[in-house]
Amino acid sequence: MATENLSWRQFEAGRDYNRRIGLYENAAENERFYRGDQWKNVNSGVLPTPVFNFVKRIIDFLVSQISIGNIDIVYSDENLPFIGSDAARARISDAIELLNRNAAYRWEKCRMDRLIRNVLLDAALTGDGVFFTYWDSSIGTGQAFTGDFVTETLDATNLFVSNVNVNDIQSQDYVIISGRESVHSLRAEALDNGAPASSVEKIVPDGDLHYGASDAAAYENEDVSAQKATFIIKFWRNREGYVCFEKSCEHCVVKTAATGLRLYPIAHFCWTPTKNSYHGSSPVTSMIQNQKYVNKAYALLMKHMIDTAFSKVIYDKTRVPEWTNEVGQAIGVAGGDLDGVASTIKPGEMDTRYIDVIDSVIRNTKDALGATETSLGEVNPTNTSAILALQEANSSTLDSVRSALYCALEELAEIWVDFMCAYYADGRMLLSGDGGAGSFDCRVIRNELIRARVDVGSSARYSKVSALNTLTTLLDNGHITLKQYLERIPDGVIPSREQLIQELSGGGAGSDSGVGNAIGNDAGGDNEVVGQSDAPAGKTETCSETEKLSDNTETKLSDNKNA
């Protein structure tokens with residue numbers, strides 16, 4: 001009889017909880033609808049199966065709205081004000097400054113911008129976003145020291161905790177993650193870590209394929225050498241507060257080790273928090289019924305048009321043995337008079353309100369999730385300032401998700417420092433985002449209260465059209481010169497723009513006169529108001545030319561956008 005694996009029993013209990021709340025089914029269905037497979041397991045009969053996938057449109061918009069912005073990690077020491085020694089404070093401050101410079105390098109090395117988009121998409125489809133960090137001893141550093149930590153995303157279906165009613169990962173008694181790995185690699189790792197050969201032989205391929213975050217997880221390579229088995233990694237804290245972990249399969253413990261970590265290497269956030277559950281809710285789940293209705297409604301509309309779009313011929317079979325629709329083909333008629341031989345039935349008419357209902361469902365679904373026509377850019381840009389203001393207002397509806405993401409990133413940054421203190425040797429060089437490097441002494445901050453903060457810079461929300469309109473207004477009102485206007489318009493609007501600027505700068509009379517000098521520079525010294533009827537004649541000509549230039553550039557932008 002095999003010895004009971006406590007970690008595996010806890011893992012099975014976590015899976016049972018996920019099954020009971022419908023996590024696996026919802027995650028797979030949400031992912032399927034996102035990528036457009038929306039008629040699976042539906043017997044459509046004679047109906048066509050159209051897909052008008054507004055789910056993907058909305059989710060891509062929401063993810064892009066949250067992920068934009070320049071994010072910086074800033075470290076601080078909460079214990080610093082209470083340190084009496086000036087020299088100690090200086091050493092800690094220098095170490096924290098080095099951490100801040102290294103955070104920019106780490107951000108690029110881990111490709112965090114891409115990971116953030118991936119984790120936001122995971123959260124939108126499953127309800128949870130998860131970052132997992134691990135130590136990879138095979139990574140070269142160009143120094144005498146080898147190994148570094150790596151951060152990647154983890155599916156919510158592979159995360160299990162001791163207290164499922166609390167979504168704080170760091171407060172859990174234990175945390176378990178699961179995955180699939182080839183039997184060959186699992187056996188080799190177990191043997192390398194001293195597992196008995198009799199236990200290693202119990203690592204065998206299994207058909208444990210129905211607990212992934214998508215339908216594709218149920219399909220694997222059927223080659224014998226690539227067969228896989230499920231493994232779990234359980235994290236817990238010992239009495240000293242340090243994290244320990246155990247990697248195991250159902251009947252074999254692959255590896256057990258204690259680390260110098262004090263934080264679980266997992267950062268987690270919910271898209272929409274669910275009360276009394278560590279799993280969140282996905283916005284896709286609430287859209288699926290509306291998406292099904294739209295697809296079915298369009299299917300019925302298409303079937304109606306196929307059946308009734310063209311008129312039908314009815315004829316007297318006693319007088320016309322067989323009817324033909326061939327062009328120019330003669331039709332034989334028995335009898336003399338042609339009255340009543342054949343007639344046509346007019347195409348059926350459909351209530352035009354049917355289309356209005358479908359459009360209303362799509363529009364209201366988008367509006368309810370903050371993806372309004374204004375936010376999506378589906379309105380005519382007649383008032384760019386008002387459009388930008390409405391886009392900003394709609395973006396505020398995502399502040400709760402954005403805040404949850406930033407909290408997870410702060411926790412992740414603290415996990416990075418925890419890995420440095422646990423695994424980095426004293427004197428290891430830390431690279432900076434500016435290409436420099438500095439020697440890092442982990443002993444300086446190992447016992448400090450290091451905290452991370454996420455600073456988010458403003459993102460550029462202005463399009464080329466809005467930027468051009470703003471510059472044109474400044475030029476028309478005489479606040480900038482024609483040269484300044486040309487220097488600042490978006491690239492690709494005017495061909496040979498640099499040559500035109502050089503010609504204006506070459507001493508031409510109109511380079512800085514006209515519009516720019518119309519602001520309070522008359523000979524009498526009195527300030528003139530731009531736009532008065534007694535403005536210089538040159539100003540009228542220049543404004544006329546700039547209006548033509550503005551019209552041409554706006555037309556060019558519109559053409560580029562349509563192309």
Side-chain angles (χ1 to χ4, degrees), residues 22 25-66 120-121 123-127 214-215 271-272 281-312 345-383 386-387 390-391 393-398 401 558 561-563:
E25 294 80 3
N26 289 338
E29 185 178 32
N30 292 348
E31 192 273 339
R32 190 164 59 244
F33 267 74
Y34 171 78
R35 57 182 166 84
D37 183 8
Q38 300 177 354
W39 287 89
K40 185 175 181 178
N41 301 326
V42 176
N43 183 12
S44 60
V46 296
L47 289 177
T49 55
V51 174
F52 293 85
N53 194 359
F54 60 80
V55 169
K56 187 177 189 302
R57 178 81 166 103
I58 294 174
I59 294 303
D60 287 345
F61 166 76
L62 297 179
V63 169
S64 66
Q65 286 296 297
I66 299 172
L120 282 171
L121 182 58
L125 298 181
T126 65
S214 70
D215 293 334
W271 186 281
T272 301
S281 300
S282 164
V284 178
T285 304
S286 61
M287 284 190 280
I288 286 180
Q289 294 303 320
N290 291 7
Q291 180 70 73
K292 288 180 178 179
Y293 169 79
V294 170
N295 289 343
K296 291 178 180 179
Y298 270 112
L300 292 171
L301 172 61
M302 291 177 177
K303 185 65 168 62
H304 170 78
M305 296 304 296
I306 291 173
D307 292 341
T308 64
F310 302 98
S311 59
K312 293 183 179 295
I345 300 177
K346 293 182 179 180
E349 295 183 0
M350 185 184 66
D351 193 337
T352 57
R353 291 175 296 180
Y354 184 74
I355 297 293
D356 295 337
V357 172
I358 298 176
D359 292 339
S360 177
V361 170
I362 297 176
R363 183 176 61 255
N364 289 332
T365 303
K366 290 180 178 180
D367 291 348
L369 292 166
T372 62
E373 292 181 349
T374 301
S375 301
L376 294 171
E378 297 174 352
V379 296
N380 294 327
T382 55
N383 188 338
I387 291 174
L390 289 173
Q391 288 178 342
N394 290 330
S395 177
S396 64
T397 60
L398 299 172
V401 184
S558 177
K561 182 176 181 182
N562 293 332

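Residue numbers run from 1 in the order of the sequence given.
Closest heavy-atom contact between A124 and V284: O-CG2, 3.5 Å. Taking all atoms of both residues into account, the shortest heavy-atom contact from L62 to L369 is CD2-O, 3.4 Å. In terms of heavy-atom proximity, A299 sits nearest to P48 at CB-O, 3.3 Å. Scanning all heavy atoms of the two residues, the minimum distance from L120 to W271 falls at O-CZ3, 3.7 Å. F54 and N290 make their closest contact through CZ-C, 3.9 Å (heavy atoms, listed as atom of the first residue, atom of the second, distance). Here the closest non-hydrogen pair linking D307 and K303 is OD2-NZ, 2.5 Å.
A salt bridge does not link K40 with E31: every distance from a Lys NZ or Arg NE/NH1/NH2 to an Asp or Glu carboxylate oxygen is 4.0 Å or more.
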>> Using side-chain contact (heavy atoms from CB on, under 4.5 Å), reason through R35 and D215 one step at a time and then give a plain yes or no.
In response: CA-CA 12 Å; R35 57 182 166 84; D215 293 334; 4.0 Å; yes
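By the side-chain contact (heavy atoms from CB on, under 4.5 Å) test, L121 is found to be paired with Y34, I59, L125, residues two or more places apart in sequence or in another chain being considered. For F52, the ring-ring contact (aromatic ring centres under 6.0 Å, His included) partners at least two apart in sequence or on another chain are Y298.
A distance of 12.0 Å separates CD1 of I362 from CG of D367, quoted to the nearest 0.5 Å. Between the CG atom of N295 and the OG1 atom of T49 there is a distance of 9.0 Å, given to the nearest 0.5 Å. Here R363 contributes atom CZ and T365 contributes atom OG1; the two are 10.0 Å apart, rounded to the nearest 0.5 Å. A distance of 8.0 Å separates CZ in R32 from CD1 in I288, rounded to the nearest 0.5 Å. Between the CD atom in Q38 and the CD atom in E29 there is a gap of 10.0 Å [rounded to 0.5 Å]. One distance of note links OH of Y293 with CD1 of I358; it measures 6.0 Å at 0.5 Å rounding.
With hydrogens and angles ignored, the 3.5 Å screen pairs no side-chain donor or acceptor of S360 with any backbone N or O of D356.
In this model, a donor atom of one side chain and an acceptor atom of the other lie less than 3.5 Å apart for N30 and T285.
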